[in-house]
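Bear in mind the structure is a predicted one, so any value in this text is a computation, not a measurement.
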Amino acid sequence: MAEVLPELGGAVGRLDWRGEPVFRPTPVGATSPLDTGCFPLVPFANRIDQGRFRWVGRDIVLEPTPGFEPHALHGTGWRTPWTVIGADSASVRLGLSVAAGDWPWAWRAEQVIALDETGLSVSLSLTNEDTAPMPGGLGLHPYLATGPGDRVRLEAASVWVGETLIPDRRVAVSDLVDWRDGVARASVPFVDNAYDGWTGVAEVIGADRTVQMTSPVSRLHVYAPEGEGFVCLEPVTHRPNAVNAPESESAGLATLAPAATMAMSMRVTAA
């Protein structure tokens, strides 16, 4: 069973399997996408340091995201109501068109959220509707429900770290958390880092089920606050603050020509 909340940032409100939550359930009456089960990241993912960057000779200054000052976080798609373009018994297509403003380019996004017998699929796209090229990035932010005995497993080549939540270097995964053999959720220290060279598969393994999330992107942002009953395994196209990174470190950040589109997807299953 899945519930979609177009008015709350185009979020997935809940995803259950055999009566048990796969995504952290959204509380009744929730007013923030941060309380939902999954929401889209568009037109960029994660933090932009101080909300500032330089792009094709322009100095760009974004409004800080409330609660995450002084940085801009996850674009504005997650804080904007989406429109239902079409729906049937097993899927919904959402759209969002945004004029140039705080993000100084006009853009359009679409999501298709579909449920079938084996799982949930989400596709997300971003189109530049401006007259000038713009930077672009995408991500999805699922809160995967976890129990005390669950383990989290994924494999990646490296991880971005820094003394603040703005990364400044890439290190071996063993310098932070190496998840390849499965790590008990209860023993995970605070993590809010982007893993690079991800294999495209991440799992939450419990005593009686395994939830698997897959995506074709090669970067996964892991948010694992201590003491919570969830872990966020976020497939993203680029690492945090990619717009301010040297060219050699900005892989995955797109330059979208006018009318150009980029896309990504995610699938979540349980067995």
Side-chain angles (χ1 to χ4, degrees), residues 12 15-25 37-39 41 45-47 118-122 138-242 249 251-252 264-271:
V12 178
L15 175 64
D16 294 349
W17 182 73
R18 296 181 178 175
E20 296 295 327
V22 173
F23 288 169
R24 174 196 63 178
C38 179
F39 57 84
L41 314 180
N46 214 272
R47 287 168 176 79
T118 59
L120 182 80
S121 297
V122 183
L138 295 171
L140 290 160
H141 199 304
Y143 291 77
L144 295 169
T146 58
D150 289 355
R151 294 180 297 125
V152 180
R153 184 169 64 193
L154 63 99
E155 187 171 349
S158 58
V159 61
W160 289 96
V161 299
E163 275 56 59
T164 69
L165 293 175
I166 304 299
D168 55 26
R169 62 193 184 279
R170 186 165 44 188
V171 300
V173 294
S174 57
D175 288 0
L176 186 64
V177 179
D178 185 348
W179 311 83
R180 78 181 76 183
D181 295 324
V183 178
R185 176 64 181 94
S187 68
V188 175
F190 177 81
V191 176
D192 192 354
N193 298 81
Y195 283 76
D196 221 327
W198 174 50
T199 62
V201 179
E203 295 176 320
V204 175
I205 305 164
D208 55 2
R209 75 173 190 186
T210 295
V211 172
Q212 185 179 85
M213 187 277 290
T214 59
S215 177
V217 300
S218 61
R219 295 166 191 88
L220 184 75
H221 197 97
V222 178
Y223 174 54
E226 294 181 87
E228 295 287 354
F230 65 82
V231 61
C232 296
L233 304 175
E234 310 161 35
V236 292
T237 58
H238 60 84
R239 60 103 155 168
N241 202 36
E249 298 178 2
M264 66 163 293
S265 62
M266 174 186 77
R267 183 162 176 80
V268 179
T269 60

Pick one: which of Thr146, Val231, Val222, Val183 meets side chain to side chain contact (heavy atoms under 4.5 Å, CB included) with Val188? Val183
Criterion side chain to side chain contact (heavy atoms under 4.5 Å, CB included) on Phe23 and Leu120, from CA distance to verdict: CA-CA 11 Å; Phe23 288 169; Leu120 182 80; 3.9 Å; yes
Can you name the closest pair of heavy atoms from [X] and [Y] and give their distance?
X: Leu233; Y: Ala202; value: CD1-CB, 3.8 Å
X: Val191; Y: Trp179; value: CG2-CZ2, 4.3 Å
X: Arg185; Y: Gly147; value: CB-O, 4.5 Å

[X] versus [Y]: any side-chain heavy-atom pair under 4.5 Å?
X: Pro142; Y: Pro235; value: yes
X: Asp192; Y: Arg47; value: yes
X: Arg169; Y: Val161; value: yes
X: Arg18; Y: Arg209; value: no
X: Asn241; Y: Asn46; value: no
X: Val236; Y: Val217; value: no
X: Leu165; Y: Pro240; value: no
X: Val171; Y: Leu176; value: no

Got a second to check how far [X]'s [atom1] is from [Y]'s [atom2], nearest 0.5 Å?
X: Leu140; Y: Glu234; atom1: CG; atom2: CD; value: 9.5 Å
X: His221; Y: Tyr195; atom1: NE2; atom2: OH; value: 10.0 Å
X: Met213; Y: Leu220; atom1: CE; atom2: CG; value: 5.0 Å
X: Ile166; Y: Trp160; atom1: CD1; atom2: CH2; value: 12.5 Å
X: Asp178; Y: Glu155; atom1: CG; atom2: CD; value: 8.0 Å
X: Met266; Y: Ser121; atom1: CE; atom2: OG; value: 8.5 Å

Carboxylate-amine/guanidinium contact Arg239 Glu249, below 4.0 Å: yes
Checking side chain to side chain contact (heavy atoms under 4.5 Å, CB included) for the pair Glu20/Val211: CA distance, chi angles, key distance, verdict? CA-CA 11 Å; Glu20 296 295 327; Val211 172; over 6 Å; no
Could you label the plane-to-plane angle of the Tyr223 and Phe230 rings as parallel, tilted or perpendicular, counting under 30° as parallel and over 60° as perpendicular? tilted
Taking only residues two or more places apart in sequence or in another chain, which ones pass salt bridge (charged side-chain N to carboxylate O under 4.0 Å, His left out) with Asp168? none
Expected output: side-chain [X] to main-chain [Y] donor-acceptor under 3.5 Å:
X: Thr269; Y: Gly119; answer: no
X: His238; Y: Ala45; answer: yes
X: Arg219; Y: Asp196; answer: no

Thr199 side chain to Arg180 side chain, donor-acceptor N/O pair below 3.5 angstrom: no
